[in-house]
Amino acid sequence: MWTWFHQLASPPTFYRFADVLAPWLFGFAVLLIGVGVYGGLFLAPADYQQGDAFRIIYIHVPAAALSLSIYTLMAVAGGIALIWRMKLAEVAVVSAAPVGASFTALALITGMLWGKPTWGAYWVWDARLTSELVLLFLYAGIIGLNQAYSDPRAGARACAWLALVGLINVPIVHFSVTWWNSLHQGASILSVEGIRNPKISGDMLWPLLVSLGGFYLFFGAVWLRRMQNEVLWRERNARWAQAMVVA
Amino acid sequence: MSAAAAVFRRELLLAARRPAEWAQPLVFYAIVALLFPLGIEAHDPALKVFAPAVVWVGALLAALLGVERIFRGDLDDGTLEQLLLADAPAPLLVAAKLAAHWLITALPLVVAAPVLGIALGLEPLAVKVLTLSLLLGTPTLMFTGGFAAALTVGAQRAGILLPILVLPLMTPAVIFGGGAVRAAAAGLPFDAPLYFLGALTALTVTLLPFAAAGALRNAIE
Amino acid sequence: MSAAAAVFRRELLLAARRPAEWAQPLVFYAIVALLFPLGIEAHDPALKVFAPAVVWVGALLAALLGVERIFRGDLDDGTLEQLLLADAPAPLLVAAKLAAHWLITALPLVVAAPVLGIALGLEPLAVKVLTLSLLLGTPTLMFTGGFAAALTVGAQRAGILLPILVLPLMTPAVIFGGGAVRAAAAGLPFDAPLYFLGALTALTVTLLPFAAAGALRNAIE
Amino acid sequence: MSLPSLQVRNLAVARGDRNVVEALDFSVAAGEILHIRGRNGAGKTSLLEVLCGLRQPAAGSLEGQPDAEHRHWLGHKNALNPTLSPDENLRFWCALGGHADVDVGPALLRVGLKAQRHRPCGSLSTGQRRRAALARLLALPRPWWFLDEPLAGLDHAGIELLAELLDAHGRSGGAALVTSHQPLPAAVAGVRSLELRA
Amino acid sequence: MSLPSLQVRNLAVARGDRNVVEALDFSVAAGEILHIRGRNGAGKTSLLEVLCGLRQPAAGSLEGQPDAEHRHWLGHKNALNPTLSPDENLRFWCALGGHADVDVGPALLRVGLKAQRHRPCGSLSTGQRRRAALARLLALPRPWWFLDEPLAGLDHAGIELLAELLDAHGRSGGAALVTSHQPLPAAVAGVRSLELRA
Ligand code: HEM
Ligand SMILES: Nc1ncnc2c1ncn2[C@@H]1O[C@H](COP(=O)(O)OP(=O)(O)OP(=O)(O)O)[C@@H](O)[C@H]1O
Ligand SMILES: Nc1ncnc2c1ncn2[C@@H]1O[C@H](COP(=O)(O)OP(=O)(O)OP(=O)(O)O)[C@@H](O)[C@H]1O
Ligand SMILES: [Mg+2]
Ligand SMILES: [Mg+2]
């Protein structure tokens with residue numbers, strides 16, 4: 001197991017491994033998202049309070065959940081990069097950031113669009129919304145920090161530190177609805193309790209879970225592809241990378 | 001321990017070489033506080049609503065402006081290499097440096113806060129809470145600022161990056177600090193946000209020096 | 001003239017090394033605008049009253065924080081000596097450098113101003129005036145900031161001196177700029193403050209490069 | 001004093017994405033002065049940084065690496081704060097090393113900075129600043145010296161002074177690793193040479 | 001080219017509150033290389049800065065001072081932006097000097113930076129950076145060179161390269177003022193020496 005892990009961490013092996021895995025992830029992602037969105041938009045009944053407006057949930061919740069998961073993954077990769085000085089983990093940190101920022105922005109935008117019909121305003125300064133915005137800024141900071149260094153390894157390790165320190169914001173986003181009274185929906189789906197006895201009807205729930213899975217797979221595929229690009233760029237002077245490009 | 005004391009004393013010595021140093025955040029602070037009311041009519045009732053925010057944001061900006069240079073000079077002249085090679089835990093030395101900076105640039109702000117609060121029309125209780133919240137909260141500002149400075153000091157083109165890194169990290173302090181003052185001004189209980197602020201400071205002051213030292217080591221490599 | 005073009009192009013090249021650079025003032029701006037409302041309750045009507053001030057002070061801070069490093073790197077690596085020895089008037093080179101900086105860091109602010117204005121609840125006319133006032137006023141911010149940066153770059157521990165020098169110089173721009181927007185929002189005539197702003201910019205853009213070049217020459221001696 | 005020797009085996013040092021030094025083997029014992037040579041970009045500075053602990057090796061093993069209180073590092077940069085005087089800078093370094101009570105006067109006298117002792121370092125000439133940095137080696141005696149181009153900027157008398165210091169250091173059982181493009185003066189005994197080829 | 005010679009009469013150079021150089025008289029004519037020597041703190045750097053126009057003299061007169069488009073200044077600092085590559089830095093300097101269309105390749109090849117041509121200068125070694133700075137002298141031919149310790153950081157081959165450059169410069173009618181603690185290589189013809197005593 002350990003040796004396998006070590007081998008995978010070598011750039012050329014990783015590159016080939018990702019080449020095989022990414023198309024599969026991508027294919028399943030498209031399938032799941034397709035099914036989930038179809039189920040959500042056409043099969044699920046309209047909400048008795050919100051009418052059709054609630055259907056944005058099929059984008060909002062996966063995007064929001066990913067925004068948090070990606071940051072957590074980045075922090076984990078960052079920890080590995082700093083402790084074991086593993087090149088691949090550094091690459092993982094910097095290639096995840098723009099994707100995470102996009103999902104965060106998507107969660108914010110869909111949330112705002114949803115807020116207008118339900119709360120009567122695009123934006124309110126409450127803890128969930130504010131901390132999610134702070135998350136976006138943290139992503140932005142990581143992207144900017146990476147670019148500010150001309151030595152990619154030093155830049156990636158600086159990003160790893162920031163990812164670790166910023167991790168404290170993740171529980172704040174997640175638990176903000178319980179810690180402070182908020183306009184925002186409490187955790188009803190993405191929690192242990194929510195999975196044991198769901199608070200929304202099964203017709204609405206299954207497309208959500210399917211599209212959630214699809215989003216995660218989609219992220220996995222994009223992440224692998226971005227890491228491949230980054231690895232190739234960093235190793236552009238190595239023989240294997242040049243052979244790869246020529247081939 | 002004596003190494004940390006040496007670092008601490010050196011910062012004070014450097015500040016003493018330039019007596020203006022500790023006075024400057026104050027002046028800056030006063031200017032910021034003055035600039036805001038400039039944007040609106042005098043005696044607008046809105047002024048009072050904004051007072052806690054103005055004072056806290058002023059403190060934040062003052063911390064922000066000074067913190068940039070904390071490690072820059074040491075990196076340029078080679079002192080940083082020596083500090084990281086010294087026979088003392090680097091996080092301790094970083095903490096000593098940041099503590100000295102807090103003493104020089106932030107403590108004057110805390111001391112001056114009552115004057116500013118009264119000038120902005122806060123009640124005595126709110127003024128007290130304001131001062132207390134700054135005393136509890138400015139170390140957090142200083143240490144997060146120090147961490148961000150450590151992250152960016154090795155970057156070739158940091159531009160305006162430091163404030164971008166720092167502001168999200170400092171936001172909680174501003175929320176709790178401003179919240180406590182607002183609560184006090186409105187006659188509501190204000191101890192919860194103060195406790196939060198204290199906990200935040202305890203957390204950042206103990207943990208961030210480790211992250212900052214790691215980032216500095218990264219910068220000299 | 002071609003020397004000035006070379007300086008201008010070099011700044012753009014440096015900025016192009018980091019495509020995110022132009023976005024940073026925007027992010028910073030958004031954060032500042034976010035921080036202020038944090039201090040008060042949501043939907044407070046005071047928010048609208050403060051909008052022009054928030055936008056203008058945000059622009060000022062973005063200019064202030066970015067300008068600090070304009071000459072620092074050039075002084076450290078010796079480029080500054082070469083620029084002052086070059087076969088071209090130093091004020092022209094300084095102006096080229098500041099103009100490039102304006103393009104990279106301030107123009108995006110101007111372009112983004114309408115979005116911010118609408119978000120803060122300004123009416124269409126006021127939004128237009130806001131954008132125009134920033135277009136007219138940001139060069140002043142940039143050139144005064146550049147002058148102050150030139151003054152302090154030579155001082156060994158200039159510390160926080162820069163903002164203190166700069167804020168009083170920048171205040172008139174904030175007063176006229178914010179004033180024009182407020183007037184527009186209140187349905188009053190707003191052309192007088194805009195003219196003032198234009199005159200101020202014309203003045204600073206033509207005169208300050210000379211002062212800045214002098215200060216730089218002083219810095220390297 | 002009797003030191004364990006520094007043993008380098010199969011060492012590789014990486015800068016950016018390539019190894020600048022590879023498969024390096026040598027050892028330095030007490031009383032030895034190792035002169036590290038090599039052309040521009042050969043990796044002398046990078047190697048020295050690895051040996052004294054500023055940088056991680058890319059491969060290979062290092063044994064007997066001295067710890068913080070037994071080594072002096074003198075890099076390209078002098079580690080002098082420009083606002084403080086040589087006297088103040090030196091006293092800070094002694095205090096940081098745990099000897100706050102050292103009298104730095106003799107060290108500064110020895111390196112020829114008597115007149116400049118209380119002037120800010122920012123107003124010293126290049127060579128004077130280098131001399132102030134050398135004073136650190138004298139004020140705080142430590143067995144291991146890592147010196148990166150210590151001769152740079154020194155005048156003839158300065159080089160002779162450094163030669164004396166190195167010689168005395170080696171004779172008293174200390175060890176030094178020195179990079180330099182110029183040959184070390186003949187006055188230094190016990191010099192071995194290591195040539196880096198890239 | 002035939003240059004008016006640089007005439008220095010009764011020159012004094014002040015640093016802080018005292019004169020570091022006083023009552024100096026000399027002249028440099030086309031084809032001459034002036035080697036300025038003196039111990040650490042003698043005032044070599046300060047003198048050179050005055051001669052090339054970076055600093056005002058405290059007293060005395062200077063005649064025939066070359067103007068901006070006829071001189072090169074190479075100080076302790078290399079004037080290389082660490083983010084830009086040697087190629088980009090060099091092209092900037094040429095454009096600043098009014099020759100935006102110069103091909104900098106041959107100059108970089110000559111100073112031995114072919115492989116480093118497109119790497120950021122911040123990732124070059126000390127000597128490599130010095131070489132990149134020297135390339136400026138080649139890319140933009142100008143009759144007057146003011147070089148402050150150009151040998152610092154250069155390896156043996158680098159010093160020989162500089163000697164060739166200086167020699168060719170003198171032979172083609174240029175003039176150079178060079179400070180250095182090491183003697184200039186014998187290969188350079190037409191060297192006169194000026195010793196500053198303080
Ligand atoms: C800009 C506005 C909004 C932001 C930034 C936002 C942010 C978030 C975030 C970060 C999560 C994930 C929480 C977690 O995984 O722990 C989430 C979940 C959710 N959001 Fe929003 N949201 C916004 C507006 C809205 C609105 C207007 C609604 C509907 C009224 C809504 C309904 C939900 C629901 C139902 C969940 C799933 C909660 C669960 O069961 O765990 N959101 N939102
Ligand atoms: N950050 C970096 N990224 C990539 N390569 C680097 C970096 N820093 C240094 N190098 C390269 O590593 C090599 C070794 O550099 P080093 O500074 O150790 O050389 P050196 O032997 O000390 O040279 P000099 O005699 O010029 O001082 C050089 O070829 C240099 O270009
Ligand atoms: N800013 C200053 N204020 C006061 N004195 C100064 C200042 N700068 C330099 N000096 C003094 O002026 C003298 C000449 O300095 P300069 O740098 O010209 O010497 P140098 O001959 O180049 O020496 P080196 O061989 O060390 O490079 C030195 O004694 C120095 O201490
Ligand atoms: Mg070296
Ligand atoms: Mg000199």
Side-chain angles (χ1 to χ4, degrees), chain D residues 13-18 20-21 36-49 75-77 111-116 119-120 122-134 148-162 179-183 195-198, chain E residues 13-18 20-21 36-49 75-77 86 111-116 119-120 122-134 148-149 151-162 179-183 195-198:
Chain D
V13 177
R15 295 307 304 257
D17 53 4
R18 68 192 185 87
V20 293
V21 171
I36 302 173
R37 298 186 304 132
R39 50 172 200 69
N40 288 144
K44 302 178 293 299
T45 300
S46 313
L47 172 64
L48 216 57
E49 285 175 351
H76 281 286
K77 298 172 183 170
V111 297
L113 290 181
K114 189 154 167 260
Q116 288 79 18
R119 271 180 32 195
S123 78
L124 300 186
S125 79
T126 321
Q128 287 168 340
R129 258 174 286 167
R130 201 67 186 162
R131 284 160 179 257
L134 286 180
D148 195 11
E149 308 215 16
L151 272 56
L154 291 180
D155 60 10
H156 191 70
I159 291 179
E160 260 175 18
L161 167 74
L162 182 65
T179 72
S180 166
H181 292 295
Q182 288 172 258
E195 172 98 26
L196 296 184
R197 311 186 184 280
Chain E
V13 177
R15 293 308 303 257
D17 50 4
R18 69 192 183 87
V20 293
V21 172
I36 303 173
R37 297 186 304 130
R39 50 172 201 68
N40 288 143
K44 302 179 290 300
T45 300
S46 312
L47 172 64
L48 215 58
E49 284 174 353
H76 281 286
K77 298 172 184 169
V111 298
L113 291 181
K114 188 154 168 262
Q116 289 78 18
R119 273 179 31 194
S123 79
L124 300 186
S125 78
T126 322
Q128 287 167 340
R129 256 173 287 167
R130 201 68 184 160
R131 283 161 180 257
L134 286 181
D148 195 11
E149 308 215 17
L151 273 57
L154 291 181
D155 60 9
H156 191 68
I159 292 179
E160 260 174 20
L161 168 74
L162 183 65
T179 73
S180 166
H181 293 295
Q182 289 173 259
E195 172 99 25
L196 295 184
R197 313 186 180 281

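Just so we're clear, the structure is a prediction, and the values are computed from it rather than from any experiment. Letters go in sequence order (proteins before strands), and every chain restarts at 1.
Considering all non-hydrogen atoms of both residues, D:R39 and E:D155 come closest at CB-OD2, 3.0 Å. Closest heavy-atom contact between E:L154 and D:N40: CA-OD1, 3.8 Å. Nearest heavy atom pair, residue D:S125 against residue E:G41, reads OG-N, 3.4 Å.
When heavy atoms are compared at a cutoff of 4.5 Å, E:Q182 approaches chain D solely by way of its side chain, counted from C-beta outward. Of the two parts of E:Q128, the backbone and the side chain both hold a non-hydrogen atom closer than 4.5 Å to a non-hydrogen atom of chain D.
Going from atom OG1 of D:T126 over to atom CD of E:E149 covers 6.0 Å, rounded to the nearest 0.5 Å.
No other option in E:S123, E:G153, E:S180 has as many heavy-atom pairs under 4.5 Å with chain D as E:G153. In terms of heavy-atom pairs under 4.5 angstrom with chain D, the leader among E:H156, E:R15, E:R130, E:R131 is E:R131.
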